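Here's the structure we're looking at; comments come further down.
Note on naming: letters A, B, ... go to the chains in the order of the sequence lines (proteins, then strands), and numbering restarts at 1 for each one. Treat the numbers as computed from the prediction; the structure is a model and nothing was measured.
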There are 4 protein chains.
Amino acid sequence: MITIDPRSSTPIYQQIVDKIKENILRGILLPDQKMPSVRELARLLPTNPNTVQKAYRELERQKVIYSIRGKGSFIAAGFKHRIDQEKLQEITENLKHCLVEAHYVGIDQNKIQEIINQIYQEITPIKKRSK
Amino acid sequence: MITIDPRSSTPIYQQIVDKIKENILRGILLPDQKMPSVRELARLLPTNPNTVQKAYRELERQKVIYSIRGKGSFIAAGFKHRIDQEKLQEITENLKHCLVEAHYVGIDQNKIQEIINQIYQEITPIKKRSK
Amino acid sequence: MITIDPRSSTPIYQQIVDKIKENILRGILLPDQKMPSVRELARLLPTNPNTVQKAYRELERQKVIYSIRGKGSFIAAGFKHRIDQEKLQEITENLKHCLVEAHYVGIDQNKIQEIINQIYQEITPIKKRSK
Amino acid sequence: MITIDPRSSTPIYQQIVDKIKENILRGILLPDQKMPSVRELARLLPTNPNTVQKAYRELERQKVIYSIRGKGSFIAAGFKHRIDQEKLQEITENLKHCLVEAHYVGIDQNKIQEIINQIYQEITPIKKRSK
DNA sequence: GTGGTCTAGACCACA
DNA sequence: GTGGTCTAGACCACG
């Protein structure tokens, strides 16, 4: 369900965070569903428990999951986010970086649009629920 | 013309690379135009010459600029890049990361579209040139 | 009467201890009154009997309650504690932590005073009894 | 300047976070001042660099400090905080816990008031600056 | 069993 | 030199 690329330049813990958020958006991970334990996920990936722990801690800080000591970690329900101006700025910067890079290797706006639409299809669950 | 944010998490040399490529796309830097010398740019930003050096090396590696011994560095002409499959993969991953993050802070697809269009306006030169 | 939050970072057994002491201060639990049995309270909360057991042990250690074999646990009478220097130190540290945190999120001294007064109103029983 | 108590039940990294925030409020650490490096502070306390790193990471997340790779960590300027409702709730809970504990060991409201005033004297810098 | 903390030691990218 | 990441292995409190 979650796979990581140990050769990627993006840190493993970051990849874990990303993949889990993606799976939630896709509707694969549902609210209050139990996550694999730190040790279990570490064994599956495989990676070090500390690395998974770091990812889980980050996810908890972002209120994507919540942890109960002795019980495990669970998907948080209802993410009601106010739009954070700083976060918006950061995303815009990152998007610009992507588009400049793409433009530079000869990927034009149409191709980009195509890719974006495809991503949105992936991360939108089939049964659309009203927010 | 180029401004960098030393507090940003993206490395300074990377910021320099990005900004120069962006300026080329915008038509502000033109083919065969002379770049400022390493020391000069380092003094302007301001940053460490080693950092600028690293940025220039990276730009040269990507064939965005070329160097002539004893003369300086110049903008390369005609970016005719075939689409590199690995690069495409990387950009797609990065785009997905952006969109997931955006989705999570409550930025919907329409808003994203708006931002992307704005970016394209920025990075497209006024006098459109055929490649 | 007692509610616990299983998602809180403070351990459940600690929450139970706190709530019981609070209820005693409020005059809701009276001296020599019988406490619910471990199993009963565990069923009510709901939580694990082991957790309630741990809370009761802690309360007994602090002489807040006393147990009679085969009868149950009861609220201790007259909390006449001399001021323990270590405990005082601990409370002072904890208070400082609270005030620093408060200061940092923009809660000023007046607001803090207001909150403290409100708490004292809550934990003071209506019929004031001389100790 | 910073001392930690390795026997305390509060984690070392948390103690570091607290002490640094306290020192900032006291006016001992000033905006844009350089912090000791991760390794240096670890050597001074003494503790493990990873523990200090964890503290610094947390401080950076809270925007109390900012880090520049290759340069070091620095005190952030101007903490303009909106009052977070959840944080307020957490602080109130924690304060209540303190007051109940205090009440229980025989520290009355007057004594508490005295302690609080003393803490406020400590954490308020001599030259009061308008926020 | 669970998550939380800490240590020791390593490697990397960056300035 | 700096901070950032990762591994291996340990101990603890909690439920």
Short side-chain N/O contact from A:Ser73 to OP1 or OP2 of E:dT2, under 4.0 Å:
no

Atom NZ of residue position B:Lys87 - does it have more than 12 heavy atoms of other residues, nucleotides or ligands inside 6.0 Å?
yes

Let me know the distance between CG of D:Asn48 and P of F:dT5, rounded to the nearest Å.
16 Å

Intra- and inter-strand pairing of DNA chain E, written as dot-bracket with Watson-Crick and G-U pairs under 3.5 Å and | for the latter, reads ||||||||||||||.

Proximity to DNA chain E (any heavy atom under 4.0 Å), residues of residues 4-21 of chain D only:
D:Pro11, D:Ile12, D:Tyr13

Contact residues, residues 36-44 of chain A to DNA chain E [heavy atom, < 4.0 Å]:
A:Ser37, A:Val38, A:Arg39

Below 4.0 angstrom from OP1 or OP2 of E:dC6, is there any side-chain N or O of D:Thr47?
no

For D:Tyr66 and F:dT2, give me the distance from atom OH to atom C1', rounded to whole Å.
15 Å

Positions of residues 49-57 of chain C (non-hydrogen atom under 4.0 Å from DNA chain E), listed by number
none

When the distance from CD of A:Glu58 to P of E:dG4 is rounded to whole Å, what number comes out?
14 Å

Output a table of donor-acceptor pairs, distance under 3.5 Å, between side-chain atoms of residues 13-20 of chain C and any protein atom two or more places apart or on a different chain; print 'none' if there are none.
from: C:Gln15; atom 1: OE1; to: C:Asp5; atom 2: N; distance (Å): 2.9
from: C:Gln15; atom 1: NE2; to: C:Asp5; atom 2: O; distance (Å): 3.0
from: C:Gln15; atom 1: NE2; to: C:Thr10; atom 2: O; distance (Å): 2.9
from: C:Asp18; atom 1: OD1; to: D:His97; atom 2: ND1; distance (Å): 3.3
from: C:Asp18; atom 1: OD2; to: D:His97; atom 2: ND1; distance (Å): 2.8
from: C:Lys19; atom 1: NZ; to: C:Thr3; atom 2: O; distance (Å): 2.7

Residue pairs meeting salt bridge (Lys or Arg N to Asp or Glu O under 4.0 Å), one or both in residues 33-60 of chain D, sequence neighbours left out, come to D:Glu58-D:Arg61

Starting at atom CG of A:Leu45, determine the distance to atom P of F:dT5, rounded to an integer number of angstrom.
17 Å

